[in-house]
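A short worksheet on the structure shown next.
The basis for the numbers below is simple: all heavy atoms, side chains too, and nothing from hydrogens, waters or symmetry mates. Chain identifiers are assigned alphabetically (A, B, ...) following the order of the sequence lines, protein sequences preceding nucleic acid strands; residue numbering begins at 1 within each chain.
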Amino acid sequence: MTAVADFEALRRRILRRKRLETLAGLLIFSVLLLVSFQRSQFFSSDIGGDPLGRIGDFLTRMVPDLKGDVLLESRTTTGSLYWWFYDLPVWLKLGWQTVEMAIIATVVGAVGGLLASFLCARNLMPIAAVRFTVRRTLEAIRTLPDLVLALVLVAAFGVGPLAGVITLAISTMGGLGKLFSEINEEVDPRQLEAMEASGTGLIRKIRYGVIPQVLPNYASYALIRLEGNLAGAAALGIVGAGGIGIELQRAITYTEFDTYLAILLLIVGMIFLIDMASEAIRHRLMGLGEAR
Amino acid sequence: MTRELQARAYLAAPKAMGGSWTRRLRGGVLTGLAILAFGAMCADLKLAPEAMLAGADKLGRLAASAFPPNDGGDLPRILKALAETFAMAFAGTVIAAIAALPLGILGAKTVVGQPVLHFAFRRVLDWFRGVPALVWALILVSAFGLGPFGGVIALALADVPSLAKLFSEAIENSDPKPLDGVRSAGASPLMVLRYGLAPQVIPVMTSQVLFFLESNFRHAAVLGIVGAGGIGFELEERIRIFAFDQVVFIIGLYMLCVAALDTVSQQLRKRLA
């Protein structure tokens, strides 16, 4: 009898503690939320209050004034598609520049990340101090937002794609370096041990023992990163680091909200195409990896 | 004898024994073409070594002017800006999570059985997943005026497609057996959701939301550059006037805050798992 009573008491105590914990969590959450809304002036008067109404208003201003009957007319006809995308050749050129920036930065960053990953993998780099330094550096790079880095580099390298490429390459190195070193550490040690037994040096150990095991994984991560870099490159133009972003900035300066939507759609299409291509390549790589 | 051994080894591991010369040639040509394309792209963007050296030189001078870092006598303002940045990230994440919940439920294959609808819905989410928060912020700030409000909405807009996709995957991956169990005990549909589905998906969703809070704190820092307030605004202002000692100070402080938030959120996520 007492056993049941004991059990009931224990259960009640655990339930009460859980409820208290939930209550405390909810309280902290709501205080944080309230303070956040207040601090970020979410309902403040200087935007005229009524945030939802303003969002709707701005969405309607973004939609272009297209007319069904003249949709395929030339650029000078108000309401045609080409009138909406009036600067298409320039945008396409800048869009291609953005793609080039992303590709170059991904290649350079992946090579840098590869070197760094060998320096901080536990099973390849025997000196702990080097591993520690490289790891911390990569971590610091990942914390630093791309755009802050881009601002600094634009100040040093001037306006243009060079600053953007360097920014993206550095941040790619930070991201891929970590992922690559994780791949390196999962390498099957038996092949390395066999090579060590035959007296192979470090460089050859990497070339014949590590690379064949890890190359498909590397390529797959680098391709995912390429997709991210394309979006990043599109945004970097806003601070003057090259690419299509500069046109976004221009459209805003002249309050052409419908033009902004046009360029945005172009960027989304571009990202979509690159995503599809990279996904196709990744699936092929994975298929090859399985066939082996 | 050796010939025979070689042939046997080739049969056992054809890849390890090297390909034929045509395959090697094809590999070589492809590599050459890739290198050529890379060079052409670099030339198209005018990435010249001289420009890089000149920039590196200037960067070195900027770095030299940055030491020792100091707060420029504006510490309270910087701390306030950091708090504002966190507030933007927090509010944006919560709004995104609330908006993504119904979308995620609609996007789950187990909820909306219609394959065409499901496909169309997922694709639309995919299209807008790549748009960075900054691109949203640029137009929102010009629509709502300077200040953090536009930044909050921008973060929420950028997160909704990704969160909705993750939520719908969490729902799809849930085990249907607990739901059946609760249902067979005679529970109402609402109770089935509360005791069958919620315990499975809520920890997963919460940890994803925490993950987005971390990344939003990083994104919120840059929204200030286009006028959405917070620490990004303070940084941009100081970079424009080349006050790099203060820039380094702010970046250092900001990195500490990022590390602190990451640690807290990691602990919370560990408790959820």
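In this structure, chain A has heavy atoms under 4.5 Å from both the backbone and the side chain of B:Leu45. Contacts between A:Ile238 and chain B at a heavy-atom distance below 4.5 Å involve the side chain alone, from C-beta outward. Only the side chain of A:Ile271 comes within contact range of chain B, with at least one heavy atom under 4.5 Å from a heavy atom of that chain. Only the side chain of A:Leu264 comes within contact range of chain B, with heavy atoms under 4.5 Å apart. Looking at A:Glu227, there are no atoms closer than 4.5 Å to chain B (heavy atoms on both sides), in backbone or side chain. If you measure heavy-atom distances from A:Val152 to chain B, the contacts under 4.5 Å come from both the backbone and the side chain. Only the side chain of B:Val94 comes within contact range of chain A, with at least one heavy atom under 4.5 Å from a heavy atom of that chain. Contacts between B:Ala54 and chain A at a heavy-atom distance below 4.5 Å are absent for every atom of the residue. Heavy-atom distances place the side chain of B:Ile239, and not its backbone, under 4.5 Å from chain A.
Under the 4.5 Å side-chain criterion, counting only non-hydrogen atoms from C-beta, B:Phe86 is not in contact with A:Val35. When side chains are defined from C-beta on, A:Phe29 counts as touching B:Phe90, because their heavy atoms get closer than 4.5 Å.
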Steps toward side-chain contact (heavy atoms from CB on, under 4.5 Å) verdict (A:Val108, B:Phe38): CA-CA 10 Å; A:Val108 175; B:Phe38 184 77; 4.0 Å; yes
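In terms of non-hydrogen atom pairs under 4.5 Å with chain A, the most contact-rich of B:Asp44, B:Leu235, B:Leu62 is B:Asp44. If you tally non-hydrogen atom pairs under 4.5 Å between each of A:Ile267, A:Ile104, A:Val268 and chain B, the highest count goes to A:Ile104. The most heavy-atom pairs under 4.5 Å with chain B, out of A:Gln249, A:Met101, A:Glu139, A:Glu100, come from A:Glu100. Ranked by heavy-atom pairs under 4.5 Å with chain A, the first of B:Arg218, B:Met88, B:Met255 is B:Met255. Per-residue counts of heavy-atom pairs under 4.5 Å with chain A were compared for B:Leu59, B:Val258, B:Val135; the largest is that of B:Val135.
Rounded to the nearest 0.5 Å, atoms CG (B:Leu138) and CG (A:Leu248) are 6.5 Å apart. Note that CG of A:Leu162 is 5.5 Å distant from CE of B:Met52, once rounded to the nearest 0.5 Å. Summarising the geometry, atom CG belonging to A:Leu147 is positioned 9.0 Å from atom CG belonging to B:Leu223; distances are rounded to the nearest 0.5 Å. Note that the OH atom of B:Tyr254 and the CG atom of A:Leu144 stand 8.0 Å from one another [nearest 0.5 Å].
Between the side chain of B:Lys58 and the backbone N or O of A:Ala155, at least one donor-acceptor pair lies under 3.5 Å.
Just one residue in the list B:Val247, B:Ile231, B:Ile251 forms a side chain to side chain contact (heavy atoms under 4.5 Å, CB included) with A:Val148, and that residue is B:Ile251.
Closest non-hydrogen pair, B:Val222 versus A:Pro145, comes out as CG1-CB, 3.3 Å. Shortest non-hydrogen contact noted between B:Ala91 and A:Phe37 is CB-CE2, 4.1 Å.
When the shell of 6.0 Å around CZ of B:Phe211 is examined, it contains 12 or fewer heavy atoms from other residues, nucleotides or ligands. Counting non-hydrogen atoms of other residues, nucleotides and ligands closer than 6.0 Å to CZ of A:Arg136 gives a total above 12.
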